[in-house]
Protein chains: 2
Amino acid sequence: MTVTIYDVAREANVSMATVSRVVNGNQNVKPSTRKKVLEVIERLEYRPNAVARGLASKKTTTVGVIIPDISNSIYSEAARGIEDIATMYNYNIILANSDQNEEKEITLLDTMLGKQVDGIVMMSDSVTDKLHHIMKHAPVPIVLAGSVDESNDLPSVNIDYFQASYEAIQLLINNGHKRIAFLSGPLAYTINSKYKLEAYKKALQDANIEIDEQLIISEESSYDSGIEAWETLSAIENPPTAFFAGSDELAIGIIHGAQDDGKNVPEDIEVISFENSKLARMVRPRLTSVAFPLYDIGAVAMRLLTKIMSKEKVEDKVVILPHRIESRQSIKL
Amino acid sequence: MTVTIYDVAREANVSMATVSRVVNGNQNVKPSTRKKVLEVIERLEYRPNAVARGLASKKTTTVGVIIPDISNSIYSEAARGIEDIATMYNYNIILANSDQNEEKEITLLDTMLGKQVDGIVMMSDSVTDKLHHIMKHAPVPIVLAGSVDESNDLPSVNIDYFQASYEAIQLLINNGHKRIAFLSGPLAYTINSKYKLEAYKKALQDANIEIDEQLIISEESSYDSGIEAWETLSAIENPPTAFFAGSDELAIGIIHGAQDDGKNVPEDIEVISFENSKLARMVRPRLTSVAFPLYDIGAVAMRLLTKIMSKEKVEDKVVILPHRIESRQSIKL
DNA sequence: ATGAAAGCGCTAACAG
DNA sequence: CTGTTAGCGCTTTCAT
């Protein structure tokens with residue numbers, strides 16, 4: 001029924017080995033016989049069976065990608081970066097959502113390894129010890145993208161979250177604010193607890209501003225949480241005049257909450273965000289935001305993976321991409 | 001090095017066949033020997049090789065997913081629906097972006113078929129004859145998700161775009177508007193040209209409103225295009241007082257354009273959108289929008305695919321999901 | 001430059 | 001209930 005390498009070998013009066021050679025671009029084939037084989041392939045519409053090839057060669061040219069949630073733009077941006085580079089190097093991608101659930105992550109790693117992927121790109125907001133151990137001992141290379149492994153002994157690509165956050169908070173401090181709120185997603189996520197929040201505390205301390213736990217809110221990283229945060233924070237005794245938001249949605253929630261209460265941004269309150277998705281330009285005022293270059297992180301992570309898979313030398317497996325702050329109108333200059 | 005089924009067979013003093021049986025949950029195994037095998041599997045950390053299995057069984061339990069662009073929320077929503085159902089039925093997904101480029105679509109179909117996927121879910125805004133022919137003759141089932149095949153002889157899941165659009169335009173007409181603009185993405189996309197635009201024309205005709213080609217703008221479906229559209233339309237002689245926008249971004253672009261010009265929505269102009277992504281709630285005024293249920297479309301498409309793959313009877317391979325209009329504040333009641 | 005043959009790791013009859 | 005035996009379609013030495 002389906003045509004195999006054997007069929008074209010027979011039709012072309014050569015051996016399977018020769019057909020295999022032309023299919024794989026091996027140079028040790030006389031041009032005339034290559035031509036003959038190619039013709040038969042075309043005529044018979046032969047399509048190599050990648051599964052058989054994978055079994056024989058022990059390479060599948062597919063890599064696994066595990067991300068928390070593809071429907072979240074943060075991750076889908078990264079996924080696009082990963083996929084583009086994968087395509088460039090002729091890999092396909094098996095994509096799966098973990099919902100940031102350790103058990104799913106482990107199951108997913110297992111089924112992907114079972115499918116004999118040649119490597120894995122993983123995004124996880126919380127690399128547990130168990131996960132770390134599994135990744136460390138996996139039979140194929142795994143690189144973390146936009147995900148922090150505190151022991152730093154797994155290949156990964158990130159930006160300097162601490163420094164970026166610190167700079168953002170400083171902008172607020174420099175504009176004279178003493179009451180600065182900190183909003184982020186769950187502190188169970190390493191980036192939030194160990195970098196954004198720590199940077200916030202350090203920045204305030206360095207400026208001799210007292211830390212008020214009331215001003216620190218960690219919830220879901222969503223628009224509605226932003227609105228809620230505004231509601232609770234605007235009602236306290238000495239409400240904040242500036243906000244550091246861990247994501248664009250959070251920032252927009254705050255802004256809309258404030259505007260619905262008749263406040264003006266940035267005149268009455270200032271807001272800086274950490275993400276810079278395309279949403280940042282789709283609000284009024286447009287968001288000033290730390291740029292979190294997800295596409296690049298994904299792309300670089302995949303590129304790193306291709307290098308490791310092909311056993312190229314890589315100087316540094318822990319890469320830190322540069323960051324910047326995109327100035328727009330949600331804070332004063 | 002890696003442990004195979006043969007290793008566990010030897011260690012457990014049974015045949016490969018028996019190991020295969022317990023791994024595959026075949027009931028014809030004495031509980032005691034099942035237990036023994038399971039123990040060895042655990043001890044040796046045996047992990048079945050899905051590639052070998054795929055070669056032998058001719059099933060890979062992976063399906064291909066071809067979408068225009070995963071970083072676009074429209075498609076990533078659908079991808080999530082597809083993946084969730086795939087996971088539920090124990091399939092993995094090979095995901096690839098086509099950028100809505102026919103050549104890439106064809107290449108992708110080919111490499112996925114080469115990888116022996118058990119089926120494919122495809123999203124394409126323009127199913128060309130060539131593509132249609134290839135899909136029609138593919139060796140595995142293919143279902144279209146949120147994509148229209150005019151000949152209607154491929155399995156697909158959609159909503160009634162014409163009817164939904166017609167109802168949206170009618171809302172505008174019922175609010176007394178005579179100058180209604182139509183905005184959408186490229187007319188090369190079937191949904192835009194054959195359904196949204198046709199519905200627009202029909203609705204106007206049915207209401208005896210003259211069609212003014214000036215009011216019909218088809219560009220990229222982006223925020224910036226929305227703003228531009230506002231700029232050009234607000235400058236014409238008898239400018240529109242209501243807008244039908246083919247996507248949320250387009251709608252938001254128009255609203256911001258209008259607001260930047262000092263207009264109020266919906267007092268001065270009314271806008272209805274077609275998408276209802278989470279963005280719809282993240283603008284002021286919030287968007288009234290036709291709900292395009294991408295997640296459901298993806299999920300139902302995948303479910304349909306599982307049925308076809310397992311040769312279940314399916315009453316109708318062309319499914320039309322119900323639609324609704326989500327009322328918010330961008331049009332008056 | 002080309003062919004022969006031995007697997008890759010597993011499933012699936014077929015026996016028993 | 002369990003074992004034997006062919007393959008699945010291709011890559012890869014090893015010869016020639």
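This structure is a prediction, so every number in the text was calculated from the model and none was measured. Residue numbers begin at 1 in each chain, while the letters A, B, ... track the order of the sequences.
At a threshold of 4.0 Å, the pair A/D129-A/K136 does not count as salt-bridged, since none of the basic side-chain nitrogens sits closer than that to a carboxylate oxygen. Using a 4.0 Å cut-off between a side-chain N of Lys or Arg and a carboxylate O of Asp or Glu, B/K35 and B/E39 qualify as a salt bridge.
For A/T4 and D/dG9, the shortest distance from a side-chain N or O to OP1 or OP2 is not below 4.0 Å. Contact annotation: B/T18 reaches the phosphate of D/dG3 (side-chain N/O to OP1 or OP2, under 4.0 Å). Residue A/S20 places at least one side-chain N or O closer than 4.0 Å to OP1 or OP2 of D/dT11. Side-chain nitrogen and oxygen atoms of B/K58 include at least one within less than 4.0 Å of the OP1 or OP2 phosphate oxygen of D/dG9.
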side-chain contact (heavy atoms from CB on, under 4.5 Å) evaluation trace for A/M123 with A/L144: CA-CA 6 Å; A/M123 297 187 80; A/L144 287 169; over 6 Å; no

Side chain to side chain donor-acceptor pair (under 3.5 Å) between A/S76 and A/N72, worked out: CA-CA 6 Å; A/S76 66; A/N72 181 155; over 6 Å; no

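Within 4.0 Å (heavy atoms only), A/D7 reaches no atom of the nucleic acid at all. Residue contacts for B/V19: at a heavy-atom cut-off of 4.0 Å it reaches no nucleic acid atom on any strand shown.
Put simply, the residue from B/T61, B/N49, B/T62 that forms a side-chain hydrogen bond (donor to acceptor under 3.5 Å, both in side chains) with A/K115 is B/T61.
Scanning DNA chain C 5' to 3' for nucleotides with an atom closer than 4.0 angstrom to a non-hydrogen atom of chain A gives a first and last hit of C/dA1 to C/dG9.
Judged as a ring pair (Phe, Tyr, Trp, His ring centres under 6.0 Å), and not counting sequence neighbours, A/Y75 has no contacts.
Minimum atom distance to the side chain of A/I5 is reached by D/dT11, of the listed D/dT2, D/dT4, D/dT11.
For the pair A/A56 and B/V29, both in contact range of DNA chain D, the more 5′-proximal nearest nucleotide belongs to B/V29. With the nearest nucleotide of DNA chain C identified for both B/R21 and B/V51, B/V51 has the one nearer the 5' end.
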